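Working notes for the structure below.
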Amino acid sequence: MKLRHGRAEYLTIAASLALGALAWEVAGHSTSGAFWAPLSATLKNLWDITREGVLLRQCASSFQLYVSGLMLAIAVGAPLGVLLARVAWLRTALDPYIMMLYATPMVALVPFILSIMGFGFAPKVLVVFLFAVFPVIYNTVEGARSVRPELIEVAHAFRSREWQLWRDVMIPYTLPFTMTGIRQAIARGLVGMIVAEFFLSPSGLGQMIMMGSQNFDTAGMLSAILVIVVVGVGLMDLGRLLENRFAVWRGETR
Amino acid sequence: MTAVGTALAAGQPAAGNGTRPWYAAPLALQLAAGVVLLGAWEIGVRMLAPAYVARPSRVVVVFLRVLSDAQFLAAAAATLRAVLEGLLLSIMLGTVIGLAMGRVVAVERGLRYYVNSLFATPMVAILPLMSLWFGYDGDARLATVVFAALFSVVVNTCDGARAVPNDYLEVAHSFRARGWRTLLDVVLPASLPYLLAGVRLAAGRALVAAVVAEFFVSIPGLGYYILFNSRTFKHSEAFVAVIVLVAVGVGFDALINWITRRYLPWARRGG
């Protein structure tokens, strides 16, 4: 079903957003300040922390953590996935373990990481990495399963060298699947980032939320949450964009 | 020459190879890999890490003792109960909202931005808010689970309800089915595969949410059990709880797969 972008659609959407904003404002005025803050107070707080540079500093700190963990996950996960795509016996051997780790709630490992590695930047990067790496491996391996043996045979018939085989068959074939994994990793990594900032050494946006809740500064907490919502939506769109960009390479495998 | 030989072997499909030696059978390979992985873990911890760090031999020793510990069982029951309750609530609420969004244009327009942005938001971020609203007890955990799980059900059910082929609806219409009959007998069954995909995603998120909530609110549960025992350097005991969590996650996945195959054999969702 194709969505029509008519005037009525924009009106309904605008009305629903206005209603939401109004409800936020009214709820803030009619409950205790510890539970909810009005939209106006939240936006004022957001403006203040932007002007003071606090927001930029904390976002930069979060960004550094997030990107380090995510890049590490992609740098490790994608080559490992393609390697497993090429070496069938290794793939068969590791398959159940990758599936298991993919399904593991990585958050359960955070207390171990805290207890062994303590506070610092490295354990936090490890948390983001663990949240993000298995979707990349899992989906790449999933893609590897669909590389048709004929393609490899044809490549060999044309006397492809090993590196040509990787460049022309393995990587193009598995890349769209890796992108699906990266899309999932982008979302999971964000969860990992906040978990790390909450439960390991506090920093960035997670610390802003935590401090807001400890000081009963609800407006401060809500403005940090609002930033995370916007970042989350942006990252999800980015992930979809990446995935769709490479989806055309998939061809017909069904 | 050897490179070509191994490459050809690698290119062979795994099944239908009758001459394969016993040690190349998938199960043998997988068991061997398990032994190698566990061995590497054991040796790595013994050589590099402090003595309290969990390693397979110690986990095996404490495994049965922890599993028969009343406190551990109560913790596991509390977590699983919160996850199941939260999932059930999310499925009921999410199906209703999702179907409404999928079939009624005004509802979809009204809720689209809220649902999409809450779907994209890591629900960990609202934990402090949940504990403010619901207090430091099980309600905060349940609320976090619902928040984490609900939106994947809504988004998927909405997609499903929108993807119902028009032919079905036209047939229902020409048999003079009423609106709600069409909804229950045509739209809902046709969206079930999508709904189940949403539930599967929701289950993973719900498990994470419950564990994180227990870290934060400090209420009895598997997450708190892990936190408490790792703080007191009983890592092997804590790791048993991780194993249980993984088993629950994998088990739920398998259950959804089985339900889809058994009861919805016609559903083959592409992409």
Side-chain angles (χ1 to χ4, degrees), chain A residues 1 9 12-13 15-17 19-20 34-35 86-89 92-97 99-100 103-112 114-116 149 152-153 156 162 165 187 190-191 193-195 198-199 205-206 209-210 212-214 218 221-222 224-225 228-230 232-233 235-236 254, chain B residues 3-4 7-14 24 26 29-30 32-34 37 49-50 53-54 106 109-114 116-118 120-122 124-129 131-133 162 204 207-208 211-212 215-216 222-223 226-227 230-231 233 235 238-239 241-242 245-246 249-250 253 270:
Chain A
M1 189 156 109
E9 182 182 8
T12 326
I13 290 170
S16 95
L17 292 179
L19 205 67
F35 285 111
R86 185 71 183 86
V87 188
W89 63 269
T92 311
L94 294 180
D95 218 19
Y97 307 102
M99 203 208 82
M100 207 156 73
T104 301
M106 283 300 159
V107 73
L109 298 182
V110 170
F112 297 94
L114 176 65
S115 156
I116 296 169
I152 297 175
E153 275 167 36
H156 278 297
E162 184 65 24
L165 189 73
L190 192 66
V191 180
M193 179 195 90
I194 296 172
V195 167
F198 269 8
F199 299 110
L205 291 165
I209 296 179
M210 223 47 148
S213 91
Q214 277 158 8
T218 313
M221 179 168 65
L222 287 178
I225 292 178
I228 289 176
V229 171
V230 172
V233 171
L235 285 174
M236 188 173 257
R254 266 163 214 289
Chain B
V4 173
L8 276 179
Q12 292 292 329
L29 274 175
Q30 286 162 0
L37 288 174
V53 173
R109 286 173 183 170
L111 294 181
R112 185 196 301 165
Y113 283 93
Y114 298 103
N116 282 352
S117 42
L118 287 170
T121 306
V124 193
I126 61 155
L127 256 180
L129 203 59
S131 61
L132 277 178
W133 287 359
R162 229 188 265 163
L207 212 55
V208 173
V211 172
V212 177
F215 288 169
F216 190 79
L222 286 176
I226 294 171
L227 188 67
S230 64
R231 270 191 194 149
F233 298 104
H235 280 208
F239 199 81
V242 177
L245 281 173
V246 174
V250 172
D253 238 31

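Reminder, nothing fancy here: chain letters follow the sequence lines and each chain counts from 1. Computed from a prediction, not measured in an experiment: that's the story for all the values here.
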Hey, which of [options] has the most heavy atom pairs under 4.5 Å with chain B?
| options | answer |
| --- | --- |
| A93(A), P105(A), A187(A) | A93(A) |
| S115(A), S213(A), G232(A) | S115(A) |
| L205(A), D95(A), V110(A), V191(A) | V191(A) |
| L94(A), L19(A), T104(A), V230(A) | T104(A) |
| T218(A), V195(A), I116(A) | I116(A) |
| A103(A), A15(A), A108(A) | A108(A) |

Task: Contacts of T12(A) that satisfy side chain to side chain donor-acceptor pair (under 3.5 Å) - sequence neighbours left out - done: none
Given a strict heavy-atom distance threshold of 4.5 Å, which part of [X] is in contact with chain B: side chain, backbone, both, or neither?
| X | result |
| --- | --- |
| F199(A) | side chain |
| I225(A) | side chain |
| F112(A) | both |
| L235(A) | neither |
| M99(A) | side chain |
| M221(A) | side chain |
| L222(A) | side chain |

Identify which part of [X] has an atom lying under 4.5 Å from any heavy atom of chain A, answering side chain, backbone, both or neither.
| X | value |
| --- | --- |
| A125(B) | both |
| Y113(B) | side chain |
| F233(B) | side chain |

Say you draw a straight line from [atom1] of [X] to [atom2] of [Y]; how long is it, rounded to the nearest 0.5 Å?
| X | Y | atom1 | atom2 | answer |
| --- | --- | --- | --- | --- |
| L245(B) | L222(B) | CG | CG | 5.0 Å |
| L111(B) | I13(A) | CG | CD1 | 11.0 Å |
| D253(B) | M100(A) | CG | CE | 13.0 Å |
| I228(A) | L190(A) | CD1 | CG | 7.0 Å |
| M210(A) | I194(A) | CE | CD1 | 11.0 Å |

Task: Enclosure of Y114(B) OH (heavy-atom neighbours >12, cutoff 6.0 Å) - done: yes
Pick from [options]: which one has the most heavy-atom pairs with chain A under 4.5 Å?
| options | value |
| --- | --- |
| V53(B), I226(B), V211(B) | I226(B) |
| P122(B), A238(B), S117(B) | P122(B) |
| A54(B), A49(B), G110(B) | G110(B) |

TODO: Grab the two heavy atoms, one from F198(A) and one from G206(A), that are nearest each other, plus how far apart they are.
DONE: CE1-O, 3.3 Å
Task: Nearest non-hydrogen partners of V107(A) and F215(B), listed with the distance - done: O-CE1, 3.4 Å
Open item on the list: Are R231(B) and L114(A) packed together at the side-chain level, in the sense that at least one heavy-atom pair is separated by less than 4.5 angstrom?
Closed with: no
- [ ] Answer yes or no: is there a side-chain heavy-atom contact under 4.5 Å between V124(B) and F216(B)?
- [x] no
TODO: Take N116(B) and M236(A) through the side-chain contact (heavy atoms from CB on, under 4.5 Å) test and state the conclusion after the steps.
DONE: CA-CA 10 Å; N116(B) 282 352; M236(A) 188 173 257; over 6 Å; no
